[in-house]
Amino acid sequence: MAFSSSLASFTVLAIWGVSFLGVFGDYGGWDSAHATFYGGGDAAGTMGGACGYGNLYSQGYGTNTAALSTALFNNGLTCGACYELTCAGERRWCNPGTITVTATNFCPPNPALPNDNGGWCNPPRQHFDLAEPAYLQIAQYRAGIVPVSFRRVPCMKKGGIRFTINGHSYFNLVLVTNVAGAGDVHTVAIKGSRTGWQQLSRNWGQNWQSNTFLNGQALSFQVTTSDGRTVTSYNVAPPGWQFGQTFEGGQF
């Protein structure tokens, strides 16, 4: 399973006013799943993907990433969530310790194969298709598939939430990346310097859409994650912003 995409964007770091609302969420306990791997030894095959993050290296996600099965992916709303995994199989197939991975892709079901023989990502299975370098931290290559124990954990990110503005004048597509805390964004709002707050609709993955003309206005963003916490970043993009640019706001 591999997706291919390329996203070139000019990065502007501008941290302006930031406000925080909400409370910390409960990430729950340990659960059981299985893990396989994909993407090659350098994880090049994991770039792009159903969350829309594009180049996972330049976006800061690196190789500790995972494609989630339908049962975990939540139609893309789980994109950006972080999980701690440990191998729970026989000692000869497992490496000691745990890893923390970020959900960056979707592992599609394969109804032509049985759930226990190739259809690893078929509903209702909970499954992690890990980037190969991540998988090799907890399991042996020759194992192919291993049982794992996993739990949701807070995401630790460097810097602020990043907003990449793509599209055109009446179709603003905002990619939200590098989100700490719960990691998985459930609502996004935008405010131009000459408009009020407007809720964005989720287009796909973590790409959020507005059809309002916002050119020539300073832009503020409000991000709410699955645990109900909200960060508001004021005037992150200056009035002269251009499509393809990335701006950095506050952080959880």
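In what follows, every heavy atom counts, from backbone to side chain, and hydrogens, waters and symmetry copies are set aside.
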Worked verdict on T225 versus H186 for side-chain hydrogen bond (donor to acceptor under 3.5 Å, both in side chains):
CA-CA 5 Å; T225 46; H186 278 212; over 6 Å; no
If you look only at pairs with a residue in residues 171-192, which of them pass as a salt bridge (charged side-chain N to carboxylate O under 4.0 Å, His left out), with sequence neighbours excluded?
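Residue pairs with at least one partner in residues 171-192: R152-D184.
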Using modelled atom types only, decide if a donor and an acceptor are shared between the side chain of [X] and the backbone of [Y] within a distance under 3.5 Å.
X: Y53; Y: L175; answer: no
X: D42; Y: A44; answer: yes
X: T246; Y: T164; answer: no
X: T78; Y: L72; answer: yes
X: Q137; Y: T98; answer: no
X: R202; Y: G205; answer: yes
X: N178; Y: R162; answer: no
X: N172; Y: T212; answer: yes
X: Q140; Y: N95; answer: no
X: E132; Y: A43; answer: no

Please check if atom CG in N110 has more than 12 non-hydrogen atoms from other residues, nucleotides or ligands closer than 6.0 Å.
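It does: N110 CG has more than 12 such atoms within range.
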Do you reckon V101 sits in the same ILVMFWY cluster as L77, going by side-chain contacts under 4.5 Å, direct or chained?
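Looking at the clustering, L77 is in a separate group from V101.
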Check for me whether the distance between the ring centres of Y234 and F221 falls short of 6.0 Å.
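Y234 vs F221: aromatic centres not under 6.0 Å.
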Between CZ of F247 and OG of S233, what distance do you get to the nearest 0.5 Å?
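That separation rounds to 13.0 Å.
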Does the side chain of V174 come within less than 4.5 Å of N207's, by heavy atoms?
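When only atoms from C-beta onward are counted, V174 and N207 do not touch, as no gap falls below 4.5 Å.
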